[in-house]
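A quick write-up on the structure given underneath.
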Amino acid sequence: MLFDTSFETEGQIEIRELARKFSKDRIAPIVEHDEVTETFRREIIRELGSLGLTGIPTSENHGGSGLGYQEYLAAIEEIAASSGAYAVSVAVSGLPQVILDTFGTEAQKSKYIPKLASGEWIGSFVLSEAGSGSDAASLRASAELKGDHYVLNGTKLWITQADEADVFIVMARTGGPGAKGVSSFILDRSMSGIKMGKREKKMGMCISHTMEIILEDVKVPVSNRIATEGDGMKIAFTALDSGRITIAATALGIARAAIETAIHHANIREQFGKPILDFQGVGFMLSDMLNEYQSAKLMTQRAAMLKDSGKPFSIAAAQAKVIATDMAMKVTTDAVQILGGSGYTREFPVERHMREAKMLQIVEGTNQIQRLVISRAMKEKGN
Ligand SMILES: Cc1cc2nc3c(=O)[nH]c(=O)nc-3n(C[C@H](O)[C@H](O)[C@H](O)COP(=O)(O)OP(=O)(O)OC[C@H]3O[C@@H](n4cnc5c(N)ncnc54)[C@H](O)[C@@H]3O)c2cc1C
């Protein structure tokens, strides 16, 4: 009742239940162990793929499920409730699919999308560098045209699941400074010169590996450039607009799992002769947590609905990302507080949820950058 989703369509509920059952049966039992050992299980992605959950919004004629972002966010929320890391993995593998579905040639689409959509292949989105995070358009990795191929050189940082990826969408400089000098390329794992650097030791989401990639004279055929030279940042930002809905959905799943644990604990933990839920200080905290979760969910669904109906959605997606990830950070921190000493231990999942939530305020454009995007939209013409 508290987490009622009966206002969703039958199709959305079906996808939600499919993802929930799989995540509870297959991911929840291994998540705590694998977070500690930093183990990513590729078979989980394949199994999610066999259920049709790794290519939900990708067009059916390229092997996707051809559904909308409302179904996609329902699935991601359910996966995230068991593991933020696997939700992020599905979301990141979705970025190359969005990019190729939108900008790819028929040959690029038919070669890469079906295997990504089915979960057979894993994809990476390769934009950030040590010197260019928020200011992504200042990237330095270079792509030099030599006859029928480009030669890529440079070092990329913080790349999710690069060590597992079969396909990389890489942004590199083909022209002068700024966004107009950046182009996008599809790199296959088999291309020589793609080297893995250090694997980051992270605060959370440890199942998902975050890698440095070194590109050393990687020969990429011209046919693997996406769209035209100079379109690279437009392509990256288009993917990130959609990606922000999936990051918001991940935040919803993490927050909901933390609230559920906190509610249960507040019911069974007794102090001063009664359940701690009966103390107004705890009950009001839980009430606020639930209200904020439901509000963020509506914001996220609004962004997904706009996208699904083909209307402009990038501001709505930025708003959903900020609201949902800030909510998840607050709610998971409060859940740790409600569990008291237990909340701070690894006996309970809420400390993991709190560490997972922090990542979401940083990736796919920090929450400050989202606020910048939203405030820029307020600019009146001529000012
Ligand atoms: C776990 C993890 C996974 C990631 N996965 C990927 C991936 O798969 N692919 C990829 O390309 N990148 C990835 N990233 C990189 C991520 O996108 C960047 O970390 C993020 O964009 C921020 O860049 P930065 O770390 O350089 O921070 P900076 O840009 O240096 O920012 C530092 C601080 O300054 C603030 N700031 C910067 N500019 C402004 C401004 N104009 N106004 C107000 N505040 C500002 C930021 O909000 C932040 O708080 C990942 C990062 C992490 C942590």
Side-chain angles (χ1 to χ4, degrees), residues 88-89 91-104 112 116 122-143 150 152-175 177-189 191 194-200 202 205 208-215 218 220 224-247 314 317-318 321 359-370 372-373:
V88 166
S89 175
V92 168
S93 239
L95 293 177
Q97 295 179 56
V98 177
I99 289 173
L100 295 173
D101 229 2
T102 317
F103 298 100
Y112 295 101
L116 288 164
I122 284 177
S124 262
F125 176 80
V126 188
L127 176 63
S128 303
E129 298 177 5
S132 57
S134 300
D135 183 13
S138 67
L139 64 83
R140 299 174 66 144
S142 62
Y150 287 87
L152 268 66
N153 279 290
T155 302
K156 297 286 188 176
L157 208 56
W158 304 304
I159 306 305
T160 298
Q161 63 197 13
D163 54 344
E164 291 286 344
D166 303 280
V167 185
F168 306 86
I169 303 286
V170 178
M171 269 51 73
R173 191 163 297 285
T174 45
K180 293 254 155 58
V182 177
S183 302
S184 285
F185 300 90
I186 313 165
L187 271 60
D188 293 27
R189 172 129 224 137
M191 289 175 177
I194 305 173
K195 297 179 181 162
M196 291 303 126
K198 66 175 166 166
R199 190 168 108 197
E200 302 294 346
K202 303 202 302 288
M205 300 273 196
S208 163
H209 299 168
T210 307
M211 306 297 300
E212 178 184 45
I213 308 184
I214 299 142
L215 304 171
V218 185
V220 181
N224 275 32
R225 191 191 65 223
I226 307 169
T228 54
E229 274 200 12
D231 279 343
M233 290 312 297
K234 181 176 86 183
I235 291 166
F237 289 145
T238 301
L240 290 174
D241 278 346
S242 305
R244 281 164 193 153
I245 301 176
T246 64
I247 296 297
S314 55
K321 200 260 180 187
M359 172 194 169
L360 305 176
Q361 293 181 304
I362 296 168
V363 295
E364 301 211 8
T366 66
N367 284 6
Q368 285 83 2
I369 294 301
Q370 304 311 311
L372 200 69
V373 168

Side chain to side chain contact (heavy atoms under 4.5 Å, CB included) evaluation trace for I226 with L100
CA-CA 8 Å; I226 307 169; L100 295 173; 4.1 Å; yes

Any donor-acceptor pair under 3.5 Å from K156 side chain to L215 backbone:
no

Partners meeting side chain to side chain contact (heavy atoms under 4.5 Å, CB included) with Q368 (sequence neighbours left out):
T366

Short side-chain to backbone donor-acceptor contact, R173 and A137, under 3.5 Å
yes

Tell me the closest heavy-atom pair linking T238 and F103, and the distance in Å.
OG1-CZ, 3.6 Å

Answer yes or no: is there a side-chain heavy-atom contact under 4.5 Å between K198 and L157?
yes

When you measure from the side chain of R225 to the backbone N and O of A227, does any donor-acceptor pair fall under 3.5 Å?
yes

So, taking the atom named CG in D163 and the one named CE in M211, what distance separates them when rounded to the nearest 0.5 Å?
4.5 Å

Could you tell me whether a side-chain N or O of R140 sits under 3.5 Å from a main-chain N or O of G154, the two making a donor and an acceptor?
no

Are the side chain of S124 and the backbone N or O of T160 linked by a donor-acceptor pair below 3.5 Å?
yes

Nearest heavy-atom neighbours spanning Q370 and E364:
NE2-O, 3.3 Å

What one should report as the nearest heavy-atom pair of S89 and Q161 is OG-OE1, 2.6 Å

Would you call Y150 and E229 a side-chain contact if the rule is heavy atoms closer than 4.5 Å?
yes

Return the OG to CD distance between S208 and E200, rounded to the nearest 0.5 Å.
11.5 Å

Mark yes or no for whether E129, through its side chain, and A141, through its backbone, hold a donor-acceptor pair below 3.5 Å.
yes

Quick check for you: to the nearest 0.5 Å, what is the distance between M171 atom CE and L139 atom CG?
8.0 Å

Locate the shortest heavy-atom distance separating L240 from F125; write the atom from each residue and the value.
CD2-CE2, 3.8 Å

Quick one: do the Y112 and D188 side chains pair a donor with an acceptor below 3.5 Å?
yes

Taking side chain to side chain contact (heavy atoms under 4.5 Å, CB included) as the test, write out the residues that go with M359, two or more places apart.
V88, M205, V363

Drop me the distance from T228's OG1 to K234's NZ, to the nearest 0.5 angstrom.
6.5 Å

Considering all heavy atoms of both residues, which atom of L116 and which atom of G123 are nearest to each other, and what is their separation?
CD2-N, 3.6 Å

Nearest 0.5 angstrom please: T210 OG1 to R199 CZ, how far?
9.0 Å

pair V170-V220: side-chain heavy atoms closer than 4.5 Å
no

Would you give me the side-chain donor-acceptor pairs under 3.5 Å for residues 177-187, sequence neighbours excluded?
from	atom 1	to	atom 2	distance (Å)
S183	OG	T174	OG1	2.6
S183	OG	G230	N	3.0

If you take all heavy atoms of D241 and A317, which pair is closest and at what distance?
O-CB, 3.4 Å

I194 side chain near L152 side chain, heavy-atom distance below 4.5 Å:
no

